[in-house]
Amino acid sequence: MEKLQAALEKARRSRGGDVVMPVPRSAPVQSIDRTTERSNALWQALPAFEVNAEHLEAHRVVTRVASAKATPFDILRTKVLLQMRQNGWKRLAITSPMPRSGKSTTACNLALGLGRQRDMRAMLFDLDLRDPSVHAFFEFSPPHGIGELLSGTVSFAEQGVRLGDNVAISMAQGRIADPTRVLLAEETAEALARVEADYDPDLMIFDLPSMLVNDDTRAFLKNVDCALIVARAGTTLYGQLDTCEREIAEQTNVLGVVLNAYRHSDPTKNDE
Ligand SMILES: Nc1ncnc2c1ncn2[C@@H]1O[C@H](COP(=O)(O)OP(=O)(O)OP(=O)(O)O)[C@@H](O)[C@H]1O
Ligand SMILES: [Mg+2]
């Protein structure tokens, strides 16, 4: 990890300094009186669903309850939360240079970990529109696809579901046609602005596709305040990470890099 950070630092310096922080998507959000009856009622009215704890754990989603396994994700949650609050940011993109790095696993763990903070409200959106997977983690098929929410055909009240009191999730029914167009569309930005205004979440997490395989994530980044990059140990190449970080930094703030699947100990001992 230190080597990775040192290499990134070196690349930043050779580009002429640190990553330039673009202007935030919006001015820092003022603390809004969250006891507004309207948003409370909207949260309560969302259909609640239950998760299968064993299925989630088998798929490495371990943050529903506090445990040793949840600790690394809890640390990530706290760091993300503090940094975003400090900057008045609410919208977090999760992406990676290449596929299969652990983006969706990280997104689900962050959302459930945030759910343990009783005074917070978090929302998770599956925006990997070509290959959605959040619904598979939760073994849930929503009554409407996320595409219908983004086009404004249905409201979040009809499409989103609630886990516990304070986590809302927008899942896909399956892949949708022309994802780049949808992610770039103004109607998508407007639909998300409506959700944010109505539900007043503390954090909106967007599980996105990988940066370097198509234009989908690039198309959507204008809608977020910052992005977390998930790199996979032993798989993600340094050049891919550098290109990914540089491209994201052109559009939004890079919150950090998560090095996933890194093992401190001897892998032959089989201790995860
Ligand atoms: N730390 C880890 N150790 C081992 N396997 C992991 C780890 N994190 C994720 N995986 C596994 O890697 C696979 C890919 O994970 P995940 O779906 O979260 O990645 P992704 O980046 O969202 O993939 P995609 O690009 O397909 O959306 C899954 O089978 C997941 O269980
Ligand atoms: Mg994924």
Side-chain angles (χ1 to χ4, degrees), residues 1 4 51-64 67-77 80 92-113 123-140 142 145-147 169-176 179-180 182-183 204-221 224 227-237 240-241 243-245 247-248 254-272:
M1 189 64 185
L4 188 75
V51 294
N52 176 340
E54 279 177 23
H55 176 85
L56 278 181
E57 188 137 341
H59 291 83
R60 301 176 193 276
V61 178
V62 292
T63 50
R64 190 85 214 273
S67 70
K69 279 186 182 171
T71 304
F73 286 110
D74 289 350
I75 293 170
L76 178 66
R77 171 201 62 189
V80 164
L92 171 70
I94 300 191
T95 186
S96 62
M98 296 298 283
R100 312 294 291 165
S101 305
K103 299 180 292 295
S104 302
T105 310
T106 303
C108 292
N109 273 302
L110 265 183
L112 265 53
M123 291 181 138
L124 169 62
F125 297 82
D126 190 349
L127 290 188
D128 194 341
L129 302 178
R130 284 170 208 266
D131 190 16
S133 66
V134 172
H135 64 292
F137 281 90
F138 293 110
E139 294 185 296
F140 188 85
I146 190 167
I169 310 182
S170 175
M171 293 180 246
Q173 282 180 327
R175 62 191 60 182
I176 67 169
T180 314
V182 173
L183 293 167
M204 296 167 92
I205 302 169
F206 300 98
D207 181 19
L208 287 161
S210 305
M211 271 300 283
L212 305 183
V213 291
N214 54 50
D215 270 350
D216 291 3
T217 297
R218 237 173 251 111
F220 185 73
L221 283 178
V224 302
L228 196 61
I229 303 172
V230 181
R232 185 151 184 163
T235 306
T236 306
L237 303 176
Q240 295 169 339
L241 181 57
T243 306
C244 175
E245 192 196 16
E247 291 203 14
I248 292 174
V254 176
L255 197 68
V257 178
V258 173
L259 184 61
N260 186 31
Y262 177 78
R263 283 177 173 74
H264 294 272
S265 52
D266 183 352
T268 57
K269 289 184 182 150
N270 200 26
D271 52 345
E272 300 242 314

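Numbering of ligands and ligand atoms starts at 1, following listing order. All values reported here derive from a predicted model rather than from experimental measurement.
Contacts between Lys103 and ligand 1, counted as non-hydrogen atom pairs separated by less than 4.0 Å, involve both the backbone and the side chain. Of the heavy atoms in Asp128, only side-chain atoms (C-beta onward) come closer than 4.0 Å to ligand 1.
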Distance-only check: which donor-acceptor pairs under 3.5 Å involve side-chain atoms of residues 229-236, not counting sequence neighbours?
| unit_1 | atom_1 | unit_2 | atom_2 | d |
| --- | --- | --- | --- | --- |
| Arg232 | NH1 | Arg100 | O | 3.2 |
| Thr236 | OG1 | Arg232 | N | 2.7 |
| Thr236 | OG1 | Arg232 | O | 3.4 |

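Those atoms of ligand 1 that come under 4.0 Å of a heavy atom in Ala261, given as number and element, are 1 (N), 2 (C), 3 (N). Contact atoms of ligand 1 toward Ser104: 18 (O), 20 (P), 22 (O) (distance under 4.0 Å to a heavy atom of the residue). Each of the following atoms of ligand 1 lies closer than 4.0 Å to a heavy atom of Pro99: 25 (O). Against a heavy-atom cut-off of under 4.0 Å, Asn260 is close to the following atoms of ligand 1: 1 (N), 2 (C), 7 (C), 8 (N), 9 (C). For ligand 1, the atoms lying closer than 4.0 Å to a non-hydrogen atom of Ser101 are 19 (O), 20 (P), 21 (O).
Asp216 contributes no side-chain N or O that, together with a main-chain N or O of Leu208, makes up a donor-acceptor pair within less than 3.5 Å. Judged purely by atom type and a 3.5 angstrom limit, Asp126 has no side-chain atom pairing as donor or acceptor with the backbone of Ala172. Side-chain atoms of Ser210 come within 3.5 Å of backbone atoms of Met98 as a donor-acceptor pair (strictly under, hydrogens ignored).
In this structure, Arg232 has a heavy atom closer than 4.0 Å to ligand 1. Ligand 1 is never approached by Ser133 to a heavy-atom distance shorter than 4.0 Å.
Looking at ligand 1, you won't find any N or O of Ser96 less than 3.5 Å from one of its N or O atoms.
Taking the six-membered ring for Trp and thresholds of 30 and 60 degrees, Phe137 and His59 have ring planes more than 60 degrees apart, a perpendicular arrangement.
None of the N, O or S atoms belonging to Thr105 lies under 2.8 Å away from the Mg ion (ligand 2).
Side-chain atoms of Asp215 and Thr180 form no donor-acceptor pair, as typed in the model, at a separation below 3.5 Å. Judged purely by distance below 3.5 Å, without hydrogens or angles, the side chains of Arg218 and Thr95 never pair a donor atom with an acceptor atom.
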How far apart are the C-alpha atoms of Thr106 and Lys103, what are their side-chain angles, what is the distance that settles it, and do they pass the side chain to side chain contact (heavy atoms under 4.5 Å, CB included) test?
-> CA-CA 5 Å; Thr106 303; Lys103 299 180 292 295; 5.9 Å; no
